[in-house]
Novice: 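Before we start, here is the structure in question, set down as structure tokens.
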Amino acid sequence: HCVKHDEQSLLSKELALIKIKITNEIFFEVSNAIQHVDGQVIDKADDYVIASIVSNSQTIDWVLRVLGQFEITEIMRTGQIVMVRDNSNT
């Protein structure tokens, strides 16, 4: 059954995988933006990085705007997932 919960009792997250075309000159700047939101570079080659960011939707939207100055070639987002914080079921 479905139970209504207030915002404070819920934990919500979203996962984004972002592929960005890079050069050696901009890698440091791209990496800093990703790390600023506790994201990780999970794959790197000479010409691209793939970042993983797990956060709320607003933070992911923000980092996508920041990274928009670079060439983002692919974005995959899970959408928001939610779990209740207490012992009850979501």
Novice: Below 4.5 Å, heavy atoms only, C-beta onward: do Phe70 and Ile22 meet side chain to side chain?
Specialist: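 Sidechains of Ile22 and Phe70: no contact.
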
Novice: Does Ile42 reach the side chain of Leu17, with side-chain heavy atoms less than 4.5 Å apart?
Specialist: yes

Novice: Could you check if a side-chain atom of Glu71 sits within less than 4.5 angstrom of a side-chain atom of Thr73, using non-hydrogen atoms only?
Specialist: yes

Novice: Kindly write out the residues that satisfy side-chain hydrogen bond (donor to acceptor under 3.5 Å, both in side chains) with Ser12, not counting sequence neighbours, or none if the list is empty.
Specialist: Gln80

Novice: How close do Gln69 and Val66 get, heavy atom to heavy atom, and via which atoms?
Specialist: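 Scanning both residues, the minimum pair turns out to be NE2-O, 3.2 Å.
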
Novice: Could you pull out the closest heavy-atom pair between Ile60 and Ala16, with the gap in Å?
Specialist: CG2-CB, 3.8 Å

Novice: side-chain hydrogen bond (donor to acceptor under 3.5 Å, both in side chains) with Thr23: which residues, sequence neighbours excluded?
Specialist: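 Scan of Thr23 (side-chain hydrogen bond (donor to acceptor under 3.5 Å, both in side chains), adjacent residues dropped) gives Glu25.
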
Novice: Partners of Asp61 by salt bridge (Lys or Arg N to Asp or Glu O under 4.0 Å), sequence neighbours excluded?
Specialist: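 Partners of Asp61 under the salt bridge (Lys or Arg N to Asp or Glu O under 4.0 Å) test: Arg77.
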
Novice: Looking at residues at least two apart in the chain, or sitting in another chain, which of them share a side chain to side chain contact (heavy atoms under 4.5 Å, CB included) with Ile72?
Specialist: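 Only Ile18, Ile20, Leu64, Leu67, Ile75 meet the side chain to side chain contact (heavy atoms under 4.5 Å, CB included) criterion with Ile72.
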
Novice: Quick one: side chain to side chain contact (heavy atoms under 4.5 Å, CB included) partners of Asp43, sequence neighbours excluded?
Specialist: Tyr48, Ile50

Novice: Rounded to the nearest 0.5 Å, what's the gap from CG on Leu11 to CE on Met83? Could you check?
Specialist: 8.5 Å

Novice: Taking only residues two or more places apart in sequence, or in another chain, which ones meet Lys19 in a salt bridge (Lys or Arg N to Asp or Glu O under 4.0 Å)?
Specialist: Glu74

Novice: What do you reckon, is NZ of Lys21 surrounded by more than 12 foreign heavy atoms closer than 6.0 Å?
Specialist: no

Novice: For residues Val54 and Val63: do they belong to one hydrophobic cluster (side chain heavy atoms under 4.5 Å, members Ile, Leu, Val, Met, Phe, Trp, Tyr)?
Specialist: no

Novice: If the condition is side-chain hydrogen bond (donor to acceptor under 3.5 Å, both in side chains), which residues does Ser57 pass it with, not counting sequence neighbours?
Specialist: Glu14

Novice: Donor-acceptor pairs are to be reported for all side-chain atoms of residues 27-40 against protein atoms at under 3.5 Å, with residues two or more places apart or in another chain.
Specialist:
residue : atom : partner : partner atom : Å
Ser31   : OG   : Gln35   : NE2          : 3.3

